[in-house]
Protein chains: 2
Amino acid sequence: MAKEAKDSGRKERDKSGWQAQKSAMMRDTILDAALDCFVTIGYANTTTARIAERAGVSRGAMLHHFPSKSELMQAAVEYLHQKLVGLYASHIEKVPLDLPVDERNRAGLEGYWTYLRSDLYVAYHELCVAGRTDPELQDILEDSIARFDEAIVESNRRLFPEWSERGELYELAMDITKFLMEGMAVSQIVSQREKRVNRMIDYLGDRLEEIFHEGDEVGAAIHRHSLRK
Amino acid sequence: MAKEAKDSGRKERDKSGWQAQKSAMMRDTILDAALDCFVTIGYANTTTARIAERAGVSRGAMLHHFPSKSELMQAAVEYLHQKLVGLYASHIEKVPLDLPVDERNRAGLEGYWTYLRSDLYVAYHELCVAGRTDPELQDILEDSIARFDEAIVESNRRLFPEWSERGELYELAMDITKFLMEGMAVSQIVSQREKRVNRMIDYLGDRLEEIFHEGDEVGAAIHRHSLRK
DNA sequence: AAAAAAACAAACAGGACTGATTGTATTTTC
DNA sequence: GAAAATACAATCAGTCCTGTTTGTTTTTTT
């Protein structure tokens, strides 16, 4: 209240000065360090002191930018979210739109797999698991996850326009892709087993093709396998 | 050395006395409390004080049984392993062996899903994620995981004897089941979304049936879909 | 150039955690 | 029943963590 009244009486701070630039750089440095810590030592072992050390700044300086650990974590989640969206998009954008469907499916799966094998995804998973028992973190993540899912839907709409009218088949295909590949990725996080990945991606690509072509048939055949009650 | 020489000169402690019974009960009480903590507050937030409180014993008493947190965690992992094996077996044993294959597949999947939806699995996943950044814990878990996988293989051999000669098709079926359902379970851990589970289990059951029947064909057809290079 | 604001660093304070230690109670052995 | 072993409880000590406070430096505004 009193503070806001005070602020209204002065010019807004110039955002183009060296201080402002330095502040923005500092902020990113700290947040990058936070994500690094999630990946290398785990979310559970991430302390403000460790982040400051990794960022190469003092804890006092960092506390100026993020007055509490909670605020720092919140900013880190948002920062991670932006990076994840960017990372996913960068892999998906590499897929040429003029490929035939089955090759495009396969390329999309490989892009998704590369995304799932990233450090950023590891950090994300660390946060998700921690959020199970931390309501505050969970709230932040839910918002981020919802926005990320929307971004995925948007990317897929562009990359796979032929699926746009497949309704429940599309949902099934998305589910099986998501669960199967994320299950595989989490399994890789837990213990590195590179074997079998290509076989699984091949298999999934074929299944997606089948599911898609089920939409070419009209009538009882739609319910033959995939949508059995 | 010197201690062992000393011990060899006296009778072994009677294991049937009240003290021995109480000690075993105490041990299980502590370990149950530890698993409870993993589930309710997460592995990361589990402290010796919290376990002792949950077990209803003093920290001093607990320290007698487990002289360090490390030993307690090690014992908890082993205890969890035993419980997991027992839980999985209990669900799988309920499946009547005289069911037709497709129904037995479906029943096995539902048993596996029930297992994956258990608190024990949640605890297991907490440990797996924590083990990523804790080499000591990871070592313990690797041993446990390997033994658990063997137990699964043994159970499946009994429940699905008709798969015993399907070689790589069997491996594929096991992989897709594992990754898909664990991916789904982990997704449920992270955010509770009960929808779509039955659809996915239906779909997986059908795929397993297909994969199995690919073994009925000899020649190029084996490589038509699933095992494409 | 002085004043104000922002940024940075260092130290303080209280709480939490683990392992070590000391003391007490219970059970078993002789 | 006394001694020994086991079990249990309470306290101590050192370390780490987070938030608060104080002091210094840098940048911007006046």
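No hydrogens, no waters, no symmetry mates; every other heavy atom, side chains included, goes into these values. Chain A is the first sequence line, chain B the second, and so forth, proteins listed ahead of strands; every chain is numbered from 1. The structure displayed is predicted, hence computed values, not measured ones.
If you take CH2 of A/Trp18 and C1' of D/dT26, they are 11 Å apart, rounded to a whole angstrom. In this structure, CD of A/Gln19 is placed 18 Å from P of C/dA4, rounded to the nearest angstrom. D/dT24 atom P lies 18 Å from atom NE2 of A/His64, rounded to whole Å. Going from atom CE of A/Met25 over to atom C1' of D/dT27 covers 15 Å, rounded to whole Å. Put simply, NZ on A/Lys22 is 14 Å from P on D/dT25, counting in whole angstrom units. In this structure, A/Phe66 atom CZ and D/dG19 atom P are separated by 14 Å, rounded to whole Å. When rounded to the nearest whole Å, the span between CD1 of A/Ile51 and P of D/dC17 equals 11 Å. With rounding to whole Å, B/Met62 atom CE is found 20 Å from D/dT6 atom P.
Note on A/Met26: only backbone sugar-phosphate atoms sit closer than 4.0 angstrom, heavy atoms only; bases stay farther off.
Side-chain N/O atoms of B/His65 include one lying less than 4.0 angstrom from OP1 or OP2 on D/dC8.
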- For each nucleotide in nucleotides 13-20 of chain C, reading 5' to 3', give B when a protein heavy atom comes within less than 4.0 Å of its base, S when such contact involves only the sugar-phosphate, and - otherwise. ----SBB-

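With sequence neighbours excluded, the residues satisfying side chain to side chain contact (heavy atoms under 4.5 Å, CB included) with A/Thr47 are A/Ala49, A/Arg50.
For B/Ala61, counting side-chain heavy atoms from C-beta on, the closest listed nucleotide (D/dC8, C/dA9, D/dA7) is D/dC8.
When side chains are defined from C-beta on, A/Met73 does not count as touching A/Ser70, because their heavy atoms never get closer than 4.5 Å.
Between B/His125 and B/Tyr121, the ring-plane angle classifies as parallel under the 30° and 60° cut-offs.
Note on B/Arg147 versus B/Glu150: no salt bridge recorded, every NZ/NE/NH1/NH2 to OD/OE distance being 4.0 Å or above. Using a cut-off of 4.0 Å between Lys/Arg side-chain N and Asp/Glu carboxylate O, A/Arg27 and A/Asp32 are scored as not salt-bridged.
For A/Tyr115 and A/Phe148, the ring centers sit closer than 6.0 Å to each other.
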Using residues 54-61 of chain B as the side-chain source, report each donor-acceptor pair under 3.5 Å to any protein atom, sequence neighbours left out, with the distance given to one decimal.
{"residue": "B/Arg54", "atom": "NH2", "partner": "B/Thr40", "partner atom": "OG1", "Å": "3.3"}
{"residue": "B/Ser58", "atom": "OG", "partner": "B/Ala61", "partner atom": "N", "Å": "3.0"}

